[in-house]
There are 2 protein chains.
Amino acid sequence: MDFKEFIENGEKLYLPNLSVDMVIIAFHQGQIKCLLLQIGDKWLLPGGYILRTESVEDATVRILRERTGLKDPHFKFLSVFGGEDRKFTEEWRQFLENNDIHFTEGCWLNDRFVTLAHYSLVDFEKTQPVLGDIDAAFQWFNMDDLPNMWMDHKDIVLTAKERLKEDIKQEQLTYNLLPNEFTMPQLHQLHEAILGEPLDRSRFQKKMIASGIFERLPKLKKESPGRNPYQYRVKKA
Amino acid sequence: MDFKEFIENGEKLYLPNLSVDMVIIAFHQGQIKCLLLQIGDKWLLPGGYILRTESVEDATVRILRERTGLKDPHFKFLSVFGGEDRKFTEEWRQFLENNDIHFTEGCWLNDRFVTLAHYSLVDFEKTQPVLGDIDAAFQWFNMDDLPNMWMDHKDIVLTAKERLKEDIKQEQLTYNLLPNEFTMPQLHQLHEAILGEPLDRSRFQKKMIASGIFERLPKLKKESPGRNPYQYRVKKA
DNA sequence: ATGATTTGTGTCACTTTGCCACAAAAAAAA
DNA sequence: TTTTTTTTGTGGCAAAGTGACACAAATCAT
């Protein structure tokens, strides 16, 4: 289905006025990044719509897979964004004009949308972003340094950033951001990056090991200076 | 607007395929209860739809006010329920037949609905439930002893029950379930009822006082046996 | 008065947290 | 080769927090 058909017939396939947006988060070079797509001169979150024949959860997984190529991606519900004026009329108009596509005022995409925002933690190395039909580019942006974005999409990213801070105090989910095998210093740096503050190395290590969800691999890994760290991986049931 | 007009013209006023459901929770006689409405011989959560001209949050407050008469009710987002088969066709058919209302197969209410579930903590004494046009009755049900309910509404209530357990460990929000002025034993019993397990009285009291959000009122309150407890209220900014 | 009941608060061992130190390992420098 | 520098693993200890219990104070019933 090309974009023109999508504009014309999308409302038969998808639930109207409802979208799913994804804050796809990765860890690279010591920084927390999120994946954005470019349409026109602005950036927006990867997202999509819910087929009338699929559940919200299925739609979320489908959208994630389409964009990241990952088979079984991590994701978690973030929040509803449901302002009464949440329309993208101006954004669509600009894009359609620039691409010589006929602009229909009453198009379903021009209506108000309530979005179900999710966030997803992915392994930077394993993620191969895929462009949609109309996306000009993708790029990983530092979460502290976001570009011009559509409407409230920046708010959504910032909400995800705050949410992640809360969540990692409770659950162990950050390993989704690392390769299968990782070291404690890596995990430590990751947590510091998420929380934006220094964490005591000693206690961090003890706490992680005490959590019991990781198993130490006897292997060591060789690198530059210093002592070689152990590697760990998540215990399998 | 009567119900017939609501069936026929509702889709012009409201966002389609999207609803708001409320788990309205109160504390009465030592037990956690939630407010349900009766339609036909089954029970369901108070809920409603989102006007095209109002935000999701405004819709939530409006629905809560309509049902409870409270000016400024507490509420919190709970979860999205978005299964692909989430339709109330059978439930509506039964109700409409029993009430001699013409049944339209293609009615917007018969379509699939994604619901945005919220929960609300209210003061039992201050809450004056109001019946909707089509509700046969309302009743406070013990959260552990729910009647036959529409579709997944029981799941929603149970999700709220679990969520409340998590939330009170983090934030102080249970005072919404008590009168403005309350005693520590009352708050203690409330927490025990929510968590379903005994809590040490001494530590509970210290912790609550240490949280700093309550102020002790010098007054005492007289009752049956035992020593008279202090009263507390939430500190005002 | 006496006793039962309820409420407020103290104690004390135990655990968790925050902070620092130091030893072990490995590359880099001398 | 020896020394220095960098990084990682682990231990210790005071301070704060937690859990379980004890006991005193206040009030009603007898």
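All values derive from a computational prediction rather than experimental measurement. Convention: sequence-line order gives letters A, B, ...; per-chain numbering from 1.
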May I have the list of side-chain donor-acceptor pairs in residues 74-83 of chain A shorter than 3.5 Å, sequence neighbours left out?
from    : atom 1 : to       : atom 2 : distance (Å)
A:His74 : ND1    : A:Leu121 : N      : 3.0
A:Lys76 : NZ     : A:Asp167 : OD2    : 2.9
A:Lys76 : NZ     : A:Glu171 : OE2    : 2.5

(request) Give me the bend of the helix from C:dA1-D:dT30 to C:dA30-D:dT1, using the axes of the five pairs at each end, rounded to 10°. (result) 10°

(request) Not counting sequence neighbours, which residues clear side chain to side chain contact (heavy atoms under 4.5 Å, CB included) with B:Asn228? List them please. (result) B:Leu220, B:Lys222

Listed partners of [X] passing salt bridge (Lys or Arg N to Asp or Glu O under 4.0 Å), at least two apart:
| X | value |
| --- | --- |
| A:Glu192 | none |
| A:Arg62 | A:Glu54, A:Glu66 |
| A:Asp144 | A:Lys161 |
| A:Lys206 | none |

(message) Enumerate the ring-ring contact (aromatic ring centres under 6.0 Å, His included) contacts for residues 200-237 of chain A, please, sequence neighbours excluded, ordered by first and then second residue.
(response) A:Phe182-A:Phe214, A:His188-A:Phe204, A:His191-A:Phe204

(request) Give every residue pair that meets the ring-ring contact (aromatic ring centres under 6.0 Å, His included) criterion with at least one member in residues 139-170 of chain A, sequence neighbours excluded. (result) A:Trp43-A:Phe141, A:Phe88-A:Trp150, A:Phe88-A:His153, A:Trp92-A:Trp150, A:Phe124-A:Trp140

(message) Counting primed atoms plus P, OP1 and OP2 as sugar-phosphate and everything else as base, spell out the protein contacts along nucleotides 6-14 of chain D at 4.0 Å heavy-atom distance: B, S or - for each nucleotide, 5' to 3'.
(response) BBBBBBB--

(request) Name the residue closer to the 5' end of DNA chain C, choosing between A:Lys207 and A:Ser224 according to the nucleotide with the nearest heavy atom. (result)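 Checking each residue's closest nucleotide, the 5'-ward one belongs to A:Lys207.
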
(message) What is the first contacted nucleotide of DNA chain C and what is the last, in 5' to 3' order, if contact means an atom lying under 4.0 angstrom from a heavy atom of chain B?
(response) C:dT5 to C:dT11

(request) Please examine the side chains of A:Glu215 and A:Ile209, heavy atoms only from C-beta on, and report whether any two atoms are closer than 4.5 Å. (result) no

(request) Return the set of residues passing ring pair (Phe, Tyr, Trp, His ring centres under 6.0 Å) with A:Phe27 (not counting sequence neighbours), or none when no residue passes. (result)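 If we apply the ring pair (Phe, Tyr, Trp, His ring centres under 6.0 Å) test to A:Phe27, skipping adjacent residues, there are no hits.
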
